[in-house]
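Protein chains get the first letters and strands the later ones, always in sequence-line order, with residue 1 at the start of each. These numbers come from a predicted model, not from an experiment.
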Amino acid sequence: MRILIVEDDHKLASNLQNLLKDEGYVAHVEHDGLKAWETAYVENYNLIILDINLPGMDGLTVLKNLRADQVDTPIILLTARNNTDDKVQGLDSGADDYLPKPFATPELLARVRALMRRNTNVNSAVINVGNITVNTSSHEVSVGKELISLTPREYSILELLLLNMDRVVSRLSIAEHVWDDNFDLMTNVVDVHIRNLRKKLKDNDKNNQLISTVWGIGYIIKNTAEA
Amino acid sequence: MIKLIKVRITIFGIVIVFVLFMTFGIFIYLGLESLLQNQFDRRLYLQADTIEDSYVHAEGKFKFLEPGTKNYDQAKNKRVRVVQNTGDVLFESEYFQEREIPFPFEKANQRKDKKYFYYSYQRGEDRFYRSIVIPVVDPQTQEVLSWVEVSDSKRYIEASLSYFRKLLLASLPLVLIGVAAASFYVVNRLIRPVSLMAQRAEKITSENLNSRVPVINPRDEVGRLGITFNQLLKRLEDAFRQQQQLLSNISHELKTPLTILRTHWEAEISNTRLPQATREKLVGDIEELARLSKMVDDLSLLSRSMEDLTNLNKAKLDLSELLGNLVHDMEMLAEAKEQTLVWQNGSALYVNGDQRYLKRLFLNLLDNAIKYTPQGGQVSVNCSVNGNTAQIEISDSGIGIPVSDQPHIFERFYRAKNTKYGATKGSGLGLTIAKWIVEAHGGTLAIQSGTGKGSTFVATLPLFLS
């Protein structure tokens, strides 16, 4: 899996590069918009993470040019502006997702994984962990053979944890993911949601829990296949 | 105190004109009185002098008063008498014959200079008379032989003066009305540009600092005031814009470093090689980073001017539904604090609003209510229609906000002094943003509270009109 990171801030770019490398991706970095356009056109990437404010050529133009060049690599736009106009313009220009800065790492990874899955094959839309099966396109969750119903928030939390498999997700990141605003207030509620989620998933075995608590930090779903 | 300057100036004008008019009137009156008096005295003198001149010393007779002559008849009809120094009356016209008017011997004898003099006397209540007395002096002995007195009623003087007084008093109101009308008109004309400026200036808020007051005549004093005021507005607008620009730039520039820190530290919390305590600290720091990010977001939201409000994606939406969903979300949170969250579900309430911002608004208010209500308290949400507006009341049973703090609670980073709960939580911009959102939707946000009585926030939003 090859990812191109286009970000003019060297430090942030290398942070993202390291993060994605840790996750097993091959990540390249470009700092200049014009160069990024050339690279993305010539090389073959599975995903592009594109900042809007760039020297050489701004991100939106890079995006439009690439789409005009028939490059249909999924693109996640990064921008400092939390502005609905930019968002709409970005998505209209052919971006697949949009992430305002500053963003949480689990959020970025979840979106990267979701896009990767969507753009490979249909089977990869289904995630299996233990006896739990989650279909990320139909949002269906089953325990064993039995289909269970989750509230949209519970599903959203489960999906975030699954897309960040083997990585601790802080309560803050969960709260931010589920509620757009006022997450500082909502971190307490995350525990309640997790409790309900465990109940529905019949995830009661303290020794072999699917969603495990990392004390003082957050929650994690471990890949049982590897363990 | 009379507030309007044109009324004040008009009254001032009336007072000044009244005083001037009265002074002038009294002056003229006194002048006229003295003139009439002089004329009167002069006439008396001429008459008396004619008689005195007609005295023939050799004969000891007044030629003028010889019975049978035309002059004699004339004198008879007037008020004339001649009294000898012995006290005998030499001649008396009918007037004196009929009335008891004593001759002023005492006064006449006192006149050592042997010159004529005047005296006044009164008969009845309101009849005033004046006489002239001319001594007839023997040219050899210089002795006073007799006195010639000519008298007349002062009625004509009185009548003239009284006529003049009436004229004066009758014209006074006319003059005053004229002055009042003229000064009101003139002042009004002078003041009108100022009034126009004031009207326009009143409408200038931080949202339309680009508007200017009208300048009618740029060369006069009022026009110069207008120009100066406009220059001031320009500077204010520039300063305000710069402040917003600065705020916007700061929040923009802060986002990349915040992202760097966040991605950096978040990568470490999954790092099991780090001690648990360090990872917990990192989580705490990330929460602080998130709070900082939120503050930056809030600041950049507040730095937008009202011109940017066209960016609001307004659409017809049901407030009742929005609130119901929010309350449902918050219930869990209230439960965690053992609070009761009461929601009076009403019928659909349509407003024209941006869902994202309205959600933010009520989240901020509910957040606030839950935060400042102790364990076991109650928070209630009420929706009602009031005329053309939807009223949403969010009440809590918390510590309340002292009256002295209430005017400030919508200011950025303001915290009431009696804050005990969660004093350090939140960005300190929640209520500022709430107010901003309500006003961006053409509504108002008010607070009713008192220490220990809990607080009620009332958001009033215009209803959606098809």
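Proximity to chain B is absent for every atom of A:N164, based on heavy atoms less than 4.5 angstrom apart. Heavy-atom distances place no part of A:V169 under 4.5 Å from chain B, backbone and side chain included. Interface residue B:I286: backbone and side-chain heavy atoms are both found under 4.5 Å from chain A. Contact of A:L16 with chain B is made through the side chain alone, with heavy-atom distances under 4.5 Å. Contact of A:A13 with chain B is not made at all, since no heavy-atom distance falls under 4.5 Å.
Using modelled atom types, one side-chain atom of B:S270 and one backbone atom of A:V168 make a donor-acceptor pair closer than 3.5 Å. A donor-acceptor pair under 3.5 Å links the side-chain atoms of A:N15 to the main chain of B:I260, judged by distance alone.
For the pair B:E266 and A:S173, the minimum side-chain heavy-atom distance is below 4.5 Å. Counting heavy atoms from C-beta outward, A:I217 and B:Q276 have side chains that approach closer than 4.5 Å.
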B:R279 vs A:V214, side chain to side chain contact (heavy atoms under 4.5 Å, CB included): CA-CA, chis, key distance, verdict: CA-CA 10 Å; B:R279 289 163 72 197; A:V214 183; 4.0 Å; yes

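In this structure, B:E253 does not pair ionically with A:K101, as no charged nitrogen and carboxylate oxygen lie closer than 4.0 Å.
Donor-acceptor pairing under 3.5 Å is lacking for the side chains of A:S170 and B:E287.
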